[in-house]
Amino acid sequence: MSLTFTATLADRGFDVAFDLAPGETLAVLGPNGAGKSTLLGLLAGLLAPTAGRAELDGTVLFDVGPDRRTLTEPRHRGVSLLAQEALLFPHLTALENVAFGPRSRGVDRGTARATALSWLDRVGAADLAGRRPGHLSGGQAQRVAVARALAADPSLLLLDEPLSALDVTVAPALRTLLRDVLVDRSAIIVTHDPLDAFLLADRVLILDGGTVVESGATASVLTRPVTAFGAHLAGLNLVPGVRTADGFASADGWTVPLTDTAPEDMSLAHSAPENSSLAHSAPEGASLALAVRPGLVTVSRSDTTTQGTACRAAEVDDVEHRGDLVRLHAGGLAADVAPSDVVALGIVPGSRLFLAFRHEDASIYPL
Amino acid sequence: MSLTFTATLADRGFDVAFDLAPGETLAVLGPNGAGKSTLLGLLAGLLAPTAGRAELDGTVLFDVGPDRRTLTEPRHRGVSLLAQEALLFPHLTALENVAFGPRSRGVDRGTARATALSWLDRVGAADLAGRRPGHLSGGQAQRVAVARALAADPSLLLLDEPLSALDVTVAPALRTLLRDVLVDRSAIIVTHDPLDAFLLADRVLILDGGTVVESGATASVLTRPVTAFGAHLAGLNLVPGVRTADGFASADGWTVPLTDTAPEDMSLAHSAPENSSLAHSAPEGASLALAVRPGLVTVSRSDTTTQGTACRAAEVDDVEHRGDLVRLHAGGLAADVAPSDVVALGIVPGSRLFLAFRHEDASIYPL
Amino acid sequence: GATSPDAAAGSEGNAIDGSITVFAAASLTAAFTDLAGQFEEAHPGAEVTLNFAGSSDLATQIGEGAPADVLASADTDTMGRVTDLLAADPVAVATNTLQLAVPADNPAGITSLADAARPGVRTVVCARQVPCGAAAAAVGESAGVDLTPVSEESSVTDVLGKVTSGEADAGLVYVTDVRSAGDAVRGIDVPEAARAPTTYPIAALAGSGDPATAQEFVDFAAGPSGQSVLRSAGFGAP
Amino acid sequence: MALRVDWPQFIPLITSESATAALLLSLRTSLTATALCVLVGVPMALVLARTSFRGQRLLRSLVLLPLVLPPVVGGIALLYTFGRRGLLGGSLSALGVEIAFTTTAVVLSQAFVALPFLVLSLEGALRTVGTRYEAVGATLGAGRWTVLRRITLPLVLPALVSGAVLSFARALGEFGATLTFAGSLQGTTRTLPLEVYLQRETDPDAAVALSFILVLVAVAVVGVAHRVRPLGDLAPRAASREAARP
Amino acid sequence: MALRVDWPQFIPLITSESATAALLLSLRTSLTATALCVLVGVPMALVLARTSFRGQRLLRSLVLLPLVLPPVVGGIALLYTFGRRGLLGGSLSALGVEIAFTTTAVVLSQAFVALPFLVLSLEGALRTVGTRYEAVGATLGAGRWTVLRRITLPLVLPALVSGAVLSFARALGEFGATLTFAGSLQGTTRTLPLEVYLQRETDPDAAVALSFILVLVAVAVVGVAHRVRPLGDLAPRAASREAARP
Ligand SMILES: Nc1ncnc2c1ncn2[C@@H]1O[C@H](COP(=O)(O)OP(=O)(O)OP(=O)(O)O)[C@@H](O)[C@H]1O
Ligand SMILES: Nc1ncnc2c1ncn2[C@@H]1O[C@H](COP(=O)(O)OP(=O)(O)OP(=O)(O)O)[C@@H](O)[C@H]1O
Ligand code: MOO
Ligand SMILES: [Mg+2]
Ligand SMILES: [Mg+2]
């Protein structure tokens with residue numbers, strides 16, 4: 001079930017290409033309007049590309065060019081789509097909605113209903129089996145839609161923000177269910193939640209403005225982000241800079257030496273150590289990125305630059321309460337500090353203070 | 001702008017009452033189908049209650065009983081609703097959608113457009129002003145809908161999952177915007193994200209099955225949850241139990257002594273210290289709850305019960321990878337452990353191991 | 001006892017220059033259009049507006065207060081329904097007789113009324129409720145022919161339409177209809193029909209806004225010019 | 001109109017042999033014509049709403065024609081097509097099928113004038129419902145036929161029913177084309193409107209009384225059909241359906 | 001039908017004084033009747049779709065009446081109402097207003113038969129669109145009138161246009177009621193269909209040629225009106241609108 005995909009859609013400024021190995025799950029991330037739903041729509045056959053070609057395990061999904069125009073019918077694509085809107089059939093009950101896929105594959109009525117009921121049960125919606133979609137709450141409808149997509153048992157499963165309307169008690173269970181289901185299946189999942197990407201996907205594709213800005217194995221994209229969006233996703237601070245004779249220097253004044261002895265793996269899960277050595281051996285002037293977790297950035301009233309520490313003055317842009325922590329945004333970095341420190345330092349938006357992190361807490365790699 | 005609300009809606013098993021002080025923001029949380037959207041629908045005038053009465057700052061919103069039936073027209077309620085579906089007017093551009101509220105209040109065309117444009121700008125959608133809703137992505141539509149609800153400048157603002165379709169780069173900004181806007185305004189916000197509740201709301205209402213199961217000041221509900229759902233939200237483990245002669249004991253075997261010297265505030269933000277003394281002075285047999293953060297629960301192969309530590313054996317139900325942490329679910333508790341520990345201990349679902357936490361890390365309070 | 005129209009116009013010296021509305025049976029369409037033109041020529045300044053419909057519709061309309069000055073009906077019964085509203089007794093201006101119409105190529109080879117009653121021949125007549133149907137029934141009776149029509153239409157036009165289009169092999173219509181249909185149909189005389197002609201009465205109405213012109217039109221129709229127009233359209237003398 | 005009905009005469013009038021025959025014939029033919037409209041109209045509406053091709057606008061205009069044609073002209077058009085000397089009629093006639101002056105001709109006339117109602121109602125509904133649910137069905141593996149049967153048609157059922165009712169009503173009242181094309185013979189082709197038309201020649205009041213039956217039948221059918229309620233807004237969650245009306 | 005038109009005779013025939021007068025009268029009255037239908041029909045459709053009251057079903061049936069009534073009976077009913085001796089006609093007559101047999105009567109007849117088309121199209125669309133957007137508008141502070149003008153009507157605009165086109169087409173073809181209620185006076189009440197009817201008495205081929213004009217006008221209007229496309233699925237995001245059609 002390998003997938004190759006290249007497509008442009010002129011009026012949405014969409015131009016994306018990627019491959020997916022058999023059985024792999026791909027997470028598609030990106031800002032609103034990046035083209036994530038467009039990508040799924042093209043695969044499912046709801047949209048026709050201006051040009052491009054996609055093939056799923058030898059079956060051409062579409063092949064459009066100046067001299068050719070093959071668009072396989074949606075039902076012959078072996079692709080099932082859970083769209084961003086649930087779009088449950090309003091005239092069928094929840095059970096009939098879920099049974100629709102199996103029935104369409106020719107499964108007999110009784111078996112289809114049994115299958116449907118078991119899927120409803122797995123998404124925690126068995127008690128809603130007899131209800132019409134008009135009588136479901138937003139999250140209930142979403143769960144039934146997930147069950148419907150899974151029950152169709154497609155070669156390629158497309159999920160557009162499947163967990164967005166779900167409550168906190170159900171979302172983890174559904175995430176676990178999806179993980180089980182996706183293990184041996186090709187799937188593409190659109191999400192805004194990096195946790196979903198971490199837990200469900202082998203590979204990540206980050207789109208912005210209709211084009212691919214980052215892609216690769218989940219772990220490497222989320223621990224070594226090369227874009228601000230990727231860093232956001234990973235909960236990391238990302239500082240772009242260049243290789244200098246000494247090491248790393250950013251435009252806004254951060255400098256970190258790159259020595260052979262600098263520890264490279266900051267216990268970021270699955271990080272790839274070879275990246276830092278790559279940064280180390282990068283030629284002077286090459287683009288580098290520095291990543292550091294907000295929890296490892298410290299804050300003080302005075303300059304604390306010491307051997308092994310990078311420190312800079314900055315003005316506080318924003319103060320966010322996050323449960324038992326406070327997240328400051330200052331000088332392009334985020335720093336998590338204890339509420340007591342906020343009070344002690346008298347931090348409010350507009351305060352000037354010093355941000356610091358230890359050289360060894362930063363991860364530096366080539367862009 | 002104080003609000004009083006009591007309503008039942010028979011066919012949805014809805015029966016809720018609450019008050020809101022002037023200028024306060026209420027977060028409504030609860031599982032799917034709990035009745036959150038129903039609550040907003042009743043306030044906005046999209047649903048008529050079977051019985052009940054609501055008053056906003058002296059204006060009766062509805063008053064329905066055996067002998068009376070007052071239902072104020074939606075437009076005279078001074079209530080603006082951002083529903084769970086964006087429901088942008090399909091025949092108007094984004095700008096016209098946002099300008100609709102001001103125009104309806106009699107603001108002249110030019111001013112209304114200027115207002116609309118500034119709101120669009122604040123939600124980061126100024127470049128979408130001229131687009132029809134049919135040409136917006138899911139998250140773009142959601143942002144325009146937020147702008148439209150805010151531009152209407154209502155006495156009471158109702159927001160149903162306003163941030164659910166938004167990307168990670170926009171959600172924090174919009175959260176900040178909402179915080180600014182909600183400061184001096186009565187508002188009710190439905191959300192599945194406890195962070196929203198922490199950041200935006202003064203008070204929290206947790207619904208389940210159409211009734212209120214918890215309510216109170218945000219900090220106390222989220223640091224001293226009395227329901228499993230509340231604990232989930234707060235990212236806490238909740239263990240229900242009773243007051244014994246020695247202290248606290250749960251049905252599944254956890255015991256924690258309550259001594260006068262036990263530190264009571266576990267640095268949970270805004271925790272109310274009087275609760276623990278209340279637990280201490282509770283009569284024997286009274287219901288108590290114990291809360292402990294997953295990060296403070298440790299895991300080992302052998303019993304580590306010592307003075308000052310509670311320890312119990314349990315079987316691992318589930319292992320969840322969470323970025324650079326792994327969350328185990330075992331014996332009703334969640335524990336966050338380092339990936340290296342998981343490997344070292346050979347933890348897989350079904351493993352038997354011991355969970356422990358220090359007495360001083362647990363927060364105990366009466367139910 | 002119709003007075004000579006020319007005499008009336010001259011002797012009274014009254015200029016006949018009003019506008020009148022004449023309600024006339026549909027079968028008079030061609031003849032009365034002609035007649036009205038001649039009337040206007042003879043009386044410069046006079047203006048005639050024509051309203052054609054089935055006689056029965058015209059009677060109903062007049063009964064409901066239609067602004068008519070003259071009614072020309074296709075049978076005396078219908079005129080009888082508006083007796084109360086007439087200014088003067090009706091005058092018979094024309095007669096019409098039934099004829100057997102067959103398509104130009106006469107596929108059923110019909111030469112007489114008896115042929116039209118043969119089984120397998122598709123004959124169409126008017127329903128008894130309308131004047132031409134009553135006439136057809138009378139003709140059939142007096143000829144001793146038992147017609148079994150495939151359709152009993154509600155107007156002559158519909159009967160003629162069936163024959164022109166070749167749907168019917170034969171139809172009983174008026175001589176004037178056969179004539180106006182031109183080459184499309186052939187008329188076959190029915191001797192029994194000539195013995196019971198239908199009479200067309202015309203009368204001025206009491207509610208007329210211009211009684212003089214109305215009466216003048218009636219007289220004109222009954223007079224020599226009118227009669228010659230009607231005769232050339234195929235109508236018989238009253 | 002009820003005021004003009006001569007009530008004492010009403011019962012004998014409407015139970016007269018000719019009136020009963022006409023009523024029964026009308027019901028029979030109108031129902032058959034409605035069935036015919038559904039059979040022909042559903043595919044037609046689907047073609048108009050779900051495909052696009054050169055000449056589609058022309059096809060739509062042609063479907064609408066019977067609405068504009070004065071009924072008599074419609075009858076003439078039918079004659080020119082199905083009549084003995086018509087376009088198709090000639091061939092049919094050669095096959096021994098005679099349509100003119102038969103009940104079949106009545107049904108054809110009625111279906112001809114009633115078809116636009118069904119097609120238009122249905123096309124509108126199909127466009128409004130949109131293709132989103134059909135697309136979802138297709139991605140779930142359903143074939144065209146399954147999508148049509150299990151999604152499209154159920155979604156537009158209310159429109160189909162109301163289109164069929166309109167067609168039935170129009171067929172029931174059809175008069176001009178029947179008169180011109182089918183003729184008027186008691187029990188075979190003289191439907192209630194033709195009977196009314198004929199009665200009117202001798203007794204307009206009787207005609208009004210007969211029309212009254214026509215109206216009653218139509219009102220009954222419309223009343224029954226409107227129990228088939230549309231599926232709300234076709235929206236997953238339609239809380240607003242119970243919108244408060246102070 | 002085009003086959004039957006006597007082309008060499010076509011131009012002189014349709015430019016004859018009576019034909020031109022009839023065509024102009026028809027256009028004028030049909031447009032007025034359509035405007036009248038919109039004025040009366042829009043509120044009627046709103047009442048039927050957006051309120052519920054006892055007798056609503058009856059009202060709907062009454063609106064449908066003109067569809068079932070054979071046109072001539074419709075004409076008689078109008079005559080009984082607005083005629084000089086009719087229910088309203090008497091009082092109107094006393095006020096010096098005469099309706100029957102005037103151009104006003106033509107417009108009334110046409111509006112009478114055309115109204116159901118507008119009301120039905122619009123009611124269906126109103127129900128399909130649902131009240132959700134209206135409710136949103138109301139919570140944003142818009143009054144009933146603003147909601148109607150800025151939300152409801154724009155949303156159903158395509159249906160309103162197509163309803164108006166149907167009404168216009170029906171008005172243009174109206175014949176029976178006009179003949180009975182308004183008469184057939186050249187220049188005043190003799191519309192094109194009546195002219196066709198009259199021509200048929202003397203020259204069936206001329207009648208066909210004239211009908212052809214009627215058809216052309218109708219086709220043109222329908223063609224133009226169908227440029228007003230519906231707003232897709234009325235759904236916020238309608239990706240499927242461009243659904244692939246292999
Ligand atoms: N239109 C309706 N008719 C009948 N019952 C409904 C309707 N909409 C929702 N319900 C039911 O009412 C209950 C409350 O629904 P509500 O939409 O208020 O839930 P919610 O708390 O908003 O859930 P979610 O988080 O999924 O949006 C649910 O059990 C739901 O199934
Ligand atoms: N029907 C449409 N017609 C034209 N442009 C559209 C349409 N739908 C979306 N777009 C545009 O195409 C681009 C990509 O949209 P898409 O729906 O793929 O975004 P997305 O990545 O799914 O965003 P989101 O996270 O908000 O769902 C956006 O700029 C959007 O405005
Ligand atoms: O001229 Mo008539 O009244 O149609 O028989
Ligand atoms: Mg999307
Ligand atoms: Mg909800």
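Only this structure's heavy atoms are used, side chains among them; waters, hydrogens and symmetry mates stay out. This one's a predicted model, so the numbers in the text were calculated from it and none came from an experiment. In what follows, every chain begins at residue 1, and chains take the letters A, B, ... in the order their sequences are listed.
Arg132(D) has a carboxylate O that lies under 4.0 Å from a charged side-chain N of Glu85(A), or vice versa, which qualifies the two as a salt bridge.
For the residue pair Tyr133(D) and Phe89(A), the shortest heavy atom distance occurs at O-CE2, 3.3 Å. The two atoms that bring Arg150(D) and Glu96(A) nearest to each other are NH2-O, 4.3 Å, heavy atoms only. The shortest non-hydrogen separation linking Thr146(D) to Ser104(A) is CG2-OG, 4.1 Å. The two atoms that bring Leu87(A) and Val136(D) nearest to each other are CD1-CG2, 3.9 Å, heavy atoms only.
Contacts with chain D (heavy atom to heavy atom, under 4.5 Å) involve no residue of residues 106-118 of chain A.
Atom CG of Leu40(A) and atom OG1 of Thr139(D) lie 11.0 Å apart (nearest 0.5 Å). Rounded to the nearest 0.5 angstrom, Arg144(D) CZ and Glu73(A) CD are separated by 4.0 Å.
A distance-only check finds no donor-acceptor pair linking the side chain of His91(A) to the backbone of Val156(D) [under 3.5 Å].
For Leu92(A), the part lying near chain D is the side chain, with the backbone staying farther off; criterion is any non-hydrogen pair under 4.5 Å.
Counting heavy atoms from C-beta outward, Leu46(A) and Thr131(D) have side chains that stay 4.5 Å or more apart. With contacts defined as side-chain heavy-atom distances shorter than 4.5 Å, the pair Leu140(D)/Arg148(A) qualifies.
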